[in-house]
A.B. asks: 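Got a structure for you, written out below as structure tokens; questions coming shortly.
Convention: sequence-line order gives letters A, B, ...; per-chain numbering from 1.
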Amino acid sequence: MSAQPSRQQPLPRPTPVPGTATVAMFTSPTSWVESDAVAQCHQVAALDGMLHVAAMPDLHPGKGAPIGAAMASRVLYPFLVGSDIGCGIAVFPISLKRPVPERLAARFPDLDRALDPDRDADDPAWSVLTGDIPAGHVESLGTVGRGNHFVELARVETVAAPDHARRLGLTASDLVLIVHSGSRGLGERILREHTSVHGAGPAPDPAGYLAAHDDAVRWGSLNRRLLAARVAHALGAVPTEPVIDQCHNLVEVRDDGIYLHRKGAAPGDGRDVLIAGTRGTRSYVVAAHAGPEANHSVAHGAGRKMSRADALRRGRAKHTVEELRRTPVGSLVVCGDRQLLFEEAPTAYKRIEQVIGDLVEHGLATPVASTVPVVTYKTADVGSTPTRDRRDHRRGRGRP
DNA sequence: ATGTAC
């Protein structure tokens, strides 16, 4: 059984405890917040040098550190950013004549297959590469990854702030590609190089860590552009520049030398952010205007309500695979991995409208537009090669 | 969320 959520009190904020950092919860009495995640916020608050922890309404427990939190400290802690340094969400306008989900779902390219600069030198997606490949890291370039990562074709549904949406180039009924992906093995390697020596301790050489971190942030952004370009070409469209591209796993050095760690929290100081719902619900473009109390941050998505294990157990009892591949909003899910299909079921996530409502109530963001999924790509479908396991493809043992 | 170990 999953842990029952505790009902959090709204602001005013908790009284600071001497010797520890302050913790501010940007939730409301009706928010679903697991007590384990709140406990993690207080554990982080007790770290040396920690100043202030801001918990977003999508807060949920992570490995050691909470997800959906922005943490300001005098000391740089790599584990608070986690392994997927540079993970973020980007939005690319796309023009398609007849967006029929069934036809488009079948045309998505295999985004588990990396783009090799030599073997795939002719791939038109390389047009988005204008400089060097950050850190020279070629492995897994152009792949979406697993977990909560996805590439989604979505339609702009409602526009709440028309002028703002127009400045972003977004109008109702427009199509967009939403790309949620990170730095794959590169960020993982950077964290491991730190933790293998220093564990969860601070970075003894912040400049060294930050140089590698910044490469991963650039790599993640490039990867999102490559993913969007691969899909655009496959769907017969022209690649575009992102109108939004915000990273939600990173550390920022503020002007006062404070390290602002964001883990599943997007920069909220005057930025436009897409806050992802699920593959079966809306996502929201918001104008973020979060101040110091929120560590200049906003939520990054709906936030998990169930652990992956719970989602798998409960999902198998509740849903069929067919139900999960066609969502209540009529969109299709491309996902050849049954387990991932259950783990990422919309019911495993909090209600996105509650998350957005909490941000609005606390004055952190203003909705600009909502999008509704058309096709959500997770991992290549297995339909065309029923006798062969996906792993054989990735290991390059022949092709169909 | 990840590449790798079990």
A.B. asks: In Å and rounded to the nearest 0.5 Å, what is the CG to CG distance from A/Leu141 to A/Asp116?
C.D. replies: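 So the gap between those two atoms works out to 9.5 Å.
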
A.B. asks: Mind calculating the distance between CG (A/Asp112) and P (B/dA1) to the nearest angstrom?
C.D. replies: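 Answer to the nearest Å: 16 Å.
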
A.B. asks: Round to a whole Å and report the spacing from NZ of A/Lys263 to P of B/dA1.
C.D. replies: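 Spelled out: NZ on A/Lys263 to P on B/dA1 is 7 Å.
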
A.B. asks: Within this structure, what is the CD1-to-C1' distance between A/Ile67 and B/dT2, rounded to whole angstrom?
C.D. replies: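 Taking atom C1' of B/dT2 as the reference, CD1 of A/Ile67 is at 13 Å.
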
A.B. asks: Roughly, in whole Å, what's the span from CD in A/Glu344 to C1' in B/dA1?
C.D. replies: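 Roughly 10 Å, once rounded to whole Å.
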
A.B. asks: So, OP1 or OP2 of B/dA1: does either fall under 4.0 Å of a side-chain N or O from A/Arg308?
C.D. replies: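 Yes.
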
A.B. asks: In whole Å, what is the span from the CG atom of A/Leu191 to the P atom of B/dT2?
C.D. replies: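 Value for this atom pair: 13 Å.
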
A.B. asks: Find the distance A/Glu188:CD to B/dG3:C1' and express it as a whole number of Å.
C.D. replies: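 Value for this atom pair: 6 Å.
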
A.B. asks: Atom CG of A/Leu111 to atom C1' of B/dA1: distance rounded to whole Å?
C.D. replies: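 Roughly 17 Å, once rounded to whole Å.
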
A.B. asks: Can you tell me if A/His149 touches the phosphate of B/dT2, counting only side-chain N or O atoms and a distance under 4.0 Å to OP1 or OP2?
C.D. replies: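 For A/His149, the contact criterion (side-chain N or O under 4.0 Å from OP1 or OP2 of B/dT2) is met.
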
A.B. asks: Report which part of the nucleic acid A/Arg184 touches: base, sugar-phosphate, or nothing (heavy-atom distance under 4.0 Å, all strands).
C.D. replies: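 Sugar-phosphate, no base atom in range.
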
A.B. asks: If I take atom CD1 in residue A/Ile190 and atom P in nucleotide B/dA1, what distance separates them, rounded to the nearest angstrom?
C.D. replies: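 A/Ile190 atom CD1 is separated from B/dA1 atom P by 17 Å.
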
A.B. asks: Can you give me every donor-acceptor pair (side chain of residues 266-283 of chain A, partner residue at least two apart or in another chain, under 3.5 Å) with its distance?
C.D. replies:
residue  : atom : partner  : partner atom : Å
A/Asp269 : OD1  : A/Arg271 : NE           : 3.2
A/Asp269 : OD1  : A/Arg271 : NH2          : 3.1
A/Asp269 : OD2  : A/Arg254 : NH1          : 3.2
A/Asp272 : OD1  : A/His164 : NE2          : 2.6
A/Asp272 : OD2  : A/His164 : NE2          : 3.4
A/Thr278 : OG1  : A/Gly280 : N            : 3.1
A/Thr278 : OG1  : A/Thr281 : N            : 3.3
A/Thr278 : OG1  : A/Thr281 : OG1          : 2.8
A/Arg279 : NE   : A/Glu344 : O            : 3.4
A/Arg279 : NH1  : A/Leu341 : O            : 3.4
A/Arg279 : NH2  : A/Leu341 : O            : 2.5
A/Thr281 : OG1  : A/Thr278 : N            : 2.9
A/Arg282 : NE   : A/Glu157 : OE1          : 2.5
A/Arg282 : NH2  : A/Glu157 : OE2          : 3.1
A/Ser283 : OG   : A/Gly277 : N            : 2.9

A.B. asks: Please examine the side chains of A/Val333 and A/Leu324, heavy atoms only from C-beta on, and report whether any two atoms are closer than 4.5 Å.
C.D. replies: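 In short, these two side chains do not touch, never coming nearer than 4.5 Å.
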
A.B. asks: Can you tell me how far apart CG (A/Leu359) and OG1 (A/Thr366) are? Round to the nearest 0.5 Å.
C.D. replies: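 That separation rounds to 10.0 Å.
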
